[in-house]
Amino acid sequence: MDYKLESELKLKADEATGKTFKEIDKFGRLDKNTKGQLGHVIEESLFGYAINSTAGADFVDLNVELKVTPVKLNKNKTFSSKERLVLNIINYMTEPFLEFEASSFWTKNQKLLIMFYLWLPEKSRGDYPILKNILYTYPEEDLEIIKNDWNKIVGKIREGKAHELSEGDTLYLGACTKGVNKSSLREQPASDIKAMQRAFSLKTSYMTSLVRKELNHEELVSFATIGQLKEKTLEELLEEKFAPYSGKSLEQMAKSLKLSINPENKSAVPNVISALLGIKGTHLSKIEEFSKANIQFKTIRLEPNGVPKEHMSFENIDFQEWLDNDWEINIMYRRFEKTKFLFVIFEYNEAYKKGKKRTLYFKGIKLWNMPLKTIETDVKSVWEEVTRVLTEGVKLESIKWGKGVKQKNNLPGATYNQVVHIRPKARDGQDKTYLPDGQMITKQCYWLDKAYIAEIVK
DNA sequence: GCATGATCATGC
DNA sequence: GCATGATCATGC
């Protein structure tokens, strides 16, 4: 069955809205436990065509590709995309020799029929309801960013670095791993090193923004205009917007932005950032480009010697979850592989001295994501060590400390390697969490080493 | 001066 | 009440 008009296609797709897959399935496909079956149910039973995996679009005449994708409901009633939207597999041997307009990504995925269904953790697949469908084309601004992303991906393949591709490299369009296991290796044109098979994908953060727009009617605020994006990359635009404030204190920055702040206030830096981006008063989480690209901002305070006084902390560790899951599910892997960091760098005017007030001066920004190599070596080795220690049982000992005692552990600390380590982060000594063996430990989190941070922002 | 564990402050 | 960002304090 084929569709000549988008309106026809849309009408057919709308028939599924509100129904569960069980109600749609005519061929008992849900009984078989095969991958991608939910998409297949829609293809066969709703649209009535044979399953294909050819390079052409699903609806040939309209050049529309069908995507059936899960969303989940958060505790606070907002929706999130459960996954990235996986598009076509990247052929390392052909894609880098094409122009964007002729690329496999663009020819196959320029128009998508996206059907969102609600993933329910306690139910079986047949009971998931379809919430909504949209015929999606990329907003002009997004497309500029996506083109840059595509260029970055193929650029890396051209340089013989297909094996170093990571989702954190790009903003909206990612190169996600796609393969049964680590043996799904493919050859690449400019290197003898085999690379993991990867597919183009719209990042989870991008999909979540789309889901919230469509299902929560959430509006985001963007700082980059289409005119600017046609001239420059998002990175360049950011650099440009921050550049005039180099050497200024936070107060001076605020003053020239006509913004009143209390520098002691926790939201002073974020407030200055949104004002400086031309969208005063916008919470950073509502900035469209940051939200879609999963850009997380972090303030860095350098000492006059260029090194921060403290390591950088992240979220607390759930040790049971840590031990229950593989490396690819691990919080550190996920955080560093998916997150683009916007480091907003300040430097103190004088060396630390107890009781002395110092002033911070803005130095610049750095848009950074951890290289895959580092994730797969240093970060992974910390994961392995923690996993080993957890499996054997953490050795806790109480030692005298000042007037009280402190609890020592044998998790990999700051000397383990120069990138990541594990250290306590809690309210106080009573703020504890369970270890898998039932012992209690002061809440711990993972930290980025300050010397490593200094190296990044140098 | 650094490693290491402890703890504070704020905002949701 | 807790997560998060930030910082303090001791001891080698």
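Naming: A, B, ... by sequence-line order, numbering from 1 per chain.
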Identify, between A:His421 and A:Gly429, the residue whose nearest nucleotide on DNA chain B lies closer to the 5' end.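 On the 5' side of the pair lies A:His421.
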Can you measure [X] atom [atom1] to [N] atom [atom2] for me and round it to whole angstrom units?
{"X": "A:Ile441", "N": "B:dT4", "atom1": "CD1", "atom2": "C1'", "result": "13 Å"}
{"X": "A:Lys395", "N": "B:dT4", "atom1": "NZ", "atom2": "P", "result": "16 Å"}
{"X": "A:Ile399", "N": "B:dT4", "atom1": "CD1", "atom2": "P", "result": "11 Å"}
{"X": "A:Leu411", "N": "B:dA6", "atom1": "CG", "atom2": "P", "result": "12 Å"}
{"X": "A:Glu315", "N": "C:dA6", "atom1": "CD", "atom2": "P", "result": "14 Å"}
{"X": "A:Lys408", "N": "B:dG5", "atom1": "NZ", "atom2": "C1'", "result": "9 Å"}
{"X": "A:Lys450", "N": "C:dA6", "atom1": "NZ", "atom2": "P", "result": "15 Å"}
{"X": "A:Asp428", "N": "C:dT4", "atom1": "CG", "atom2": "P", "result": "18 Å"}

Quiz item: cation-pi between A:Arg358 and A:Tyr348, 6.0 Å / 45°: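 The answer is yes, since A:Arg358 meets both limits relative to A:Tyr348.
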Please determine if A:Lys241 forms a cation-pi arrangement with A:Phe223, meaning its NZ or CZ atom is less than 6.0 Å from the six-membered ring centre and no more than 45° off the ring axis.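 No, A:Lys241 does not sit over the ring of A:Phe223.
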[X] near the nucleic acid: base, sugar-phosphate alone, or nothing, with a heavy-atom cut-off under 4.0 Å?
{"X": "A:Lys298", "result": "sugar-phosphate"}
{"X": "A:Asp431", "result": "nothing"}
{"X": "A:Ser267", "result": "nothing"}
{"X": "A:Lys443", "result": "sugar-phosphate"}
{"X": "A:Gln296", "result": "sugar-phosphate"}

What do you reckon, are the aromatic ring centroids of A:Phe314 and A:Phe336 less than 6.0 Å apart?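 Between A:Phe314 and A:Phe336, the centre distance is under 6.0 Å.
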Counting the benzene-type ring for Trp, do A:Phe105 and A:Trp150 have ring centres under 6.0 Å apart?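 No, the ring of A:Phe105 stays outside the 6.0 Å limit from the ring of A:Trp150, centre to centre.
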Could you tell me which non-hydrogen atom of A:Leu30 sits nearest to which non-hydrogen atom of A:Gln37, and how far apart they are?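 Nearest pair, atom of A:Leu30 first, then A:Gln37: CA-OE1, 3.5 Å.
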OP1 or OP2 of [N] under 4.0 Å from side-chain N/O of [X]:
{"X": "A:Tyr416", "N": "B:dA3", "result": "no"}
{"X": "A:Thr299", "N": "C:dG5", "result": "no"}
{"X": "A:Asn409", "N": "B:dT4", "result": "no"}
{"X": "A:Thr415", "N": "B:dT4", "result": "yes"}
{"X": "A:Arg301", "N": "C:dA6", "result": "yes"}

Salt-bridge criterion met for [X] and [Y] (N-O under 4.0 Å):
{"X": "A:Lys286", "Y": "A:Glu218", "result": "yes"}
{"X": "A:Arg388", "Y": "A:Glu384", "result": "no"}
{"X": "A:Glu235", "Y": "A:Lys152", "result": "yes"}

Using the salt bridge (Lys or Arg N to Asp or Glu O under 4.0 Å) rule, pick out the option among A:Arg84, A:Lys203, A:Arg335 that qualifies with A:Glu167.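 One option only clears the test, and that one is A:Arg84.
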Using the side-chain heavy atoms of [X], tell me which of these nucleotides is nearest: [options].
{"X": "A:Ser313", "options": "C:dG5, B:dT7, C:dT10", "result": "C:dG5"}
{"X": "A:Lys425", "options": "C:dC2, B:dT7, B:dT4", "result": "B:dT7"}
{"X": "A:Ala414", "options": "B:dA3, C:dA6, C:dC8", "result": "B:dA3"}

Specify the angle, to 10°, made by the local axes at the two ends of the helix from B:dG1-C:dC12 to B:dC12-C:dG1 when five pairs are taken at each end.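 One end axis against the other gives 20°.
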Confirm from the modelled atom types if A:Lys266 and C:dT4 form a donor-acceptor pair under 3.5 Å, side chain to base only.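 Present.
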Both A:Gly402 and A:Arg423 contact DNA chain C. Which one's nearest nucleotide lies toward the 5' end?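 Upstream on the strand: A:Arg423.
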Could you check A:Lys309 against A:Ala426 and say which one's nearest nucleotide on DNA chain C is further toward the 5' end?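 Closest to the 5' end, via its nearest nucleotide, is A:Ala426.
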